[in-house]
Amino acid sequence: EAARSGRASTNRYGRVLAVPAARQLARELGVPLEEIAGSGPNGRIRVSDVQAYAQRGESAAAQ
Amino acid sequence: MDYDLLVIGAGPGGYHAAIRAAQLGLKTAVAEMGNVGGVCLNIGCIPTKALLHAGEEIRSSKHASDFGLTFGEMRLDIAKLNGWKDGIVKKLTGGVSTLFKANKITHLVGRARFVDAHTVQVGDQKVTAKNIIIATGSEPAALPAFPVDQQAIVDSTGALVVPDPVPGRMLAIGAGAIGLEFAQVYNNLGTRVKVIEFAPQIVPAADADASKELAKSLKKQGIEIEVATKANGFERKSDGLHVELEDVKTGQKRIEVFDRVLVAVGRRPRSADLGLEAVGVKVSERGFIGVNKQMQTSVPHIYAIGDVVGNPMLAHKAMKEGLVAAEVIAGKKSEMDVVGIPSVVYTTPELASVGLTEAEAKERGFKVKIGNFPLSASGRAMTLGDTDGFVKMVADADSDLLLGVHIVAPHGSDLLGEAGLALEMAATVTDVALTIHAHPTLAESILEAAENVHKQAIHILNR
Amino acid sequence: MDYDLLVIGAGPGGYHAAIRAAQLGLKTAVAEMGNVGGVCLNIGCIPTKALLHAGEEIRSSKHASDFGLTFGEMRLDIAKLNGWKDGIVKKLTGGVSTLFKANKITHLVGRARFVDAHTVQVGDQKVTAKNIIIATGSEPAALPAFPVDQQAIVDSTGALVVPDPVPGRMLAIGAGAIGLEFAQVYNNLGTRVKVIEFAPQIVPAADADASKELAKSLKKQGIEIEVATKANGFERKSDGLHVELEDVKTGQKRIEVFDRVLVAVGRRPRSADLGLEAVGVKVSERGFIGVNKQMQTSVPHIYAIGDVVGNPMLAHKAMKEGLVAAEVIAGKKSEMDVVGIPSVVYTTPELASVGLTEAEAKERGFKVKIGNFPLSASGRAMTLGDTDGFVKMVADADSDLLLGVHIVAPHGSDLLGEAGLALEMAATVTDVALTIHAHPTLAESILEAAENVHKQAIHILNR
Ligand SMILES: Cc1cc2nc3c(=O)[nH]c(=O)nc-3n(C[C@H](O)[C@H](O)[C@H](O)COP(=O)(O)OP(=O)(O)OC[C@H]3O[C@@H](n4cnc5c(N)ncnc54)[C@H](O)[C@@H]3O)c2cc1C
Ligand SMILES: Cc1cc2nc3c(=O)[nH]c(=O)nc-3n(C[C@H](O)[C@H](O)[C@H](O)COP(=O)(O)OP(=O)(O)OC[C@H]3O[C@@H](n4cnc5c(N)ncnc54)[C@H](O)[C@@H]3O)c2cc1C
């Protein structure tokens, strides 16, 4: 929960840096953006970062 | 239930919500007591832009002598001007009605009032709905000392009907977008215009430099601007309205005479008389309906969007909120999740901004770096004969993240598309600087402002 | 060595390279045999845009009667028009000279020719440099049957000097950007203009729909356009130039009479007479200098940029290549790495595109989906009185990746900034669709085209 509470509130930007489509996808998949390390500059999160995170979660759950 | 969704108010917020809901398969109705299109289409965004364009044509025809083009006597048929403007409004509101029909949205005519949490009285019928969106908008705020009669004392609605002849001398109280846009319209139509503003700068919410740059250009065009000034009251005399103006800082008062006063001191939410208390929807002291990011009010199946939920009172904010509410109701994971809400003053030059001002960025603790590019160094601006303005970029020095873009330029609102996308994409200044911009364009000024952040603009010295 | 870097040619490519090199601390000189600014500032991008603006003012003044604004007799002082245009050119080229001085760049006057791989003869001095950038640009391609005399038969340079009176009847051979821009200039100045194009569409490289839309609008404005047509030759007679036109498909020939012919059939690289063979710089059969992504020629310390290295022959491509070359020479990891090079035809409406056309995207194997939004549904376009055009978006159905944007619209070039950034940022259609766009703006047409890709545009039916 500590991790969840958020890079968004504690990071220096006051928001998670993510492109709109990635934010939308994260909402749809129920993935917390704050926990994703984005691959772009400043950790900017792209759609593929969200997909990769979600897949990792699925495979972890499957094990 | 009669409907999956009932939307109250067919302004930009309401009609966007209704159309998106219908696209997503909801059985949808809209209750509207006036014309579809709301303030924006009927007496706001659209008719002002039409008048601004006409005024701009007058202005540019005068400048054409710079390149050898002169015209004989100019004539303005004011009835035709008003008619043209009304025709555009009609076309657009007619378009909304057509879209309602095509999307199978029921249009209920009449004033809506809550009966209970799922029942709304619309005119003399009762309608039930699973979900309700309140999109009742706003109305002009009054200034008690200047009661609007739409003749001598007008609000924005009165100012939209250009009188024949135009007023000789007009005072605009309030230098926000509305006050300034009308100031430029009437200035171009031949009225001597003064604009006063209580705050220390015009467009109080704007970046300070951008506000200054716009003021400079408007003054050059002949509009008198006085900031930190208020109007206390007036006396009707045979030669006009004797208005008492007061310098806010010194308290000094003086009388000036006008033929017309435009009151443009803001707008207030239209949340009274809806029966909200009865259903338990919470409203703030100032009349704004409280909502969460899904646009839900304190009653989860009742949503509210647009001007009635708060500032900035802008059509595109209402539209976005409308889409979000409709999507949430249709079961989508949508929320009001935006980095910056753009705002535009549609004068020439336009003031178009999105994101943080320099002052806001500093307040939030960013180590701010600034990029600037003056339109006077833009080849495209020169060929357009309009070199007033600049692009100012606000960025975070540590991360290179773009924080805000403030444009004072002809076509500024068109350029703002790039700035808005950059902010939403969490673009860095480098992202913008590495992107090829077509030459010669005004958009290159955004490129050069980005380069200037890094002290590498080409067409100016980077100090 | 005298310099770290010698740039040959002070066109947009060359002066960008020189200024960036100087910013990065290189001791830099530029050799220029003509005026600084090259084709673009002196006889290309800039003066054409000045004339287009003047023409546009004439056009819009006529449409002003739609909203009740009429003018007495219009007069055009053609000497003043030419002088105004020349004044803008002078201001901009003077600006480049000032930037050279301020950046401590040596301006060498004269024609440059390689003596050896590090030595260049400039006029009557020999200059040595560690690195050399060739930025010698291009010149109009000739059409043997229409030898240019800059009177009856002109190229773009001749067409820039507006004759008094303007020609009665003009033929433009070639419907690329240059042919079309001059067609519109002269059409607005009162000439009867016909444009012919060998290819089956105007602006042959453009998206087919965009090309069609532009052609439709230009025709409505009174410009005659014939595609799949060539001009075989002409005879000078007392009533004008009798030009033989041929329908490319049927082979049918006919004679039409013109006062003037503009040859605008492309440009060819200026790589001859530089002594390139001697130093071993490889040149293609068509005269283009071969370069890698760092803009290095076959001789690693000799770079080439701009029109002389290949298509598209556009100023902003030259500028970008100039920056890349300078940065590489200064030891930076720079390379010519762009997703799309934007291109614009500056007519009214403007045709502004970046990225893949629909046909190109299909050829490359993408499962293409298209979004479209007509300007006729844009409130802002209505208030501007200019509703010709559309925004067309080309996207990949599988990934939602944006592949190309094709805009036919007033201010299209300003709107292109957003499209270009979107492509460079690898934005998806969803990214654009979720971004708030200010209302009412032309930029909203980009938003709605994106929404239409997903069949969710608000102001049109999504079929
Ligand atoms: C002169 C002027 C110029 C403006 N220019 C711009 C601009 O350029 N750009 C911009 O973004 N914004 C502009 N605005 C602001 C913009 O008009 C508003 O932000 C926008 O209209 C808000 O939309 P809305 O849907 O919230 O409400 P509104 O547009 O106010 O619509 C509310 C609708 O609800 C109806 N209604 C209210 N109560 C009831 C009820 N009880 N029953 C039934 N129907 C009801 C009303 O009749 C109305 O049609 C301008 C405003 C003005 C006044
Ligand atoms: C009418 C017209 C309109 C155009 N409009 C546009 C437009 O709107 N947008 C756009 O992007 N592009 C436009 N172009 C194309 C644009 O002008 C060129 O792409 C651009 O100028 C190329 O830049 P450059 O630096 O490669 O070369 P150039 O601009 O051609 O400059 C080359 C310079 O090198 C000098 N030079 C050549 N050889 C030597 C030598 N041996 N020694 C010394 N100096 C030498 C020349 O004198 C010249 O100054 C237009 C072109 C024309 C003709």
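Residue numbering restarts at 1 for every chain, and letters A, B, ... go by the order of the sequence lines.
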*So which of Met74(C), Lys80(C), Glu451(C), His411(C) has the largest heavy-atom pair count under 4.5 angstrom toward chain B?*
His411(C)
*For residues Pro410(B) and Leu415(B), report the shortest heavy-atom separation together with the two atoms involved.*
O-CD1, 4.4 Å
*asked:* Quick check on Leu314(B) against chain C: is it the side chain, the backbone, both or neither that has a heavy atom closer than 4.5 Å?
replied: neither
*Side chain, backbone, both or neither: which part of Glu73(B) has an atom under 4.5 Å from a heavy atom of chain C?*
backbone
*Between Glu350(B) and chain C, which part of the residue has a heavy atom less than 4.5 Å away: side chain, backbone, both or neither?*
side chain
_If you count heavy-atom pairs within less than 4.5 Å of chain B, which of Leu41(C), Leu92(C), Asp66(C), Asp414(C) leads?_
Asp414(C)
_For chain C, which candidate among Gly385(B), Gly417(B), Ala315(B), Ala443(B) shows the most heavy-atom pairs at distances under 4.5 Å?_
Gly417(B)
*Find out whether Tyr346(B) and Cys45(B) are in side-chain contact, i.e. whether some heavy atom of one side chain is under 4.5 Å from a heavy atom of the other.*
no
*Indicate yes or no: at least one non-hydrogen side-chain atom of His316(B) is less than 4.5 angstrom from one of Pro342(B).*
yes
*asked:* Looking at chain C, which one of His63(B), Glu56(B), Glu424(B), Met425(B) has the largest number of heavy-atom pairs inside 4.5 Å, strictly under?
replied: Met425(B)
*If you tally heavy-atom pairs under 4.5 Å against chain B, which of Ala64(C), Ser61(C), Gly420(C), Ala102(C) wins?*
Ser61(C)
*asked:* Given heavy-atom pairs under 4.5 angstrom as the criterion, report whether the side chain, backbone, both or neither of Lys85(B) touches chain C.
replied: neither
*Heavy atoms only, distances under 4.5 angstrom: which of Lys317(C), His459(C), His437(C), His53(C) has the most pairs with chain B? Name it, please.*
His53(C)
*Mind telling me whether Phe67(C) and Trp84(B) have parallel, tilted or perpendicular rings, with 30° and 60° as the class edges?*
tilted
*Residue part contacting chain C, namely of Lys320(B), when any heavy atom lies under 4.5 Å*: side chain
*Residue among Ile88(C), Leu99(C), Leu461(C) with most heavy-atom pairs under 4.5 Å to chain B*: Leu99(C)
*In terms of heavy-atom pairs under 4.5 Å with chain B, which of Leu416(C), Val344(C), Leu447(C), Ile58(C) leads?*
Ile58(C)
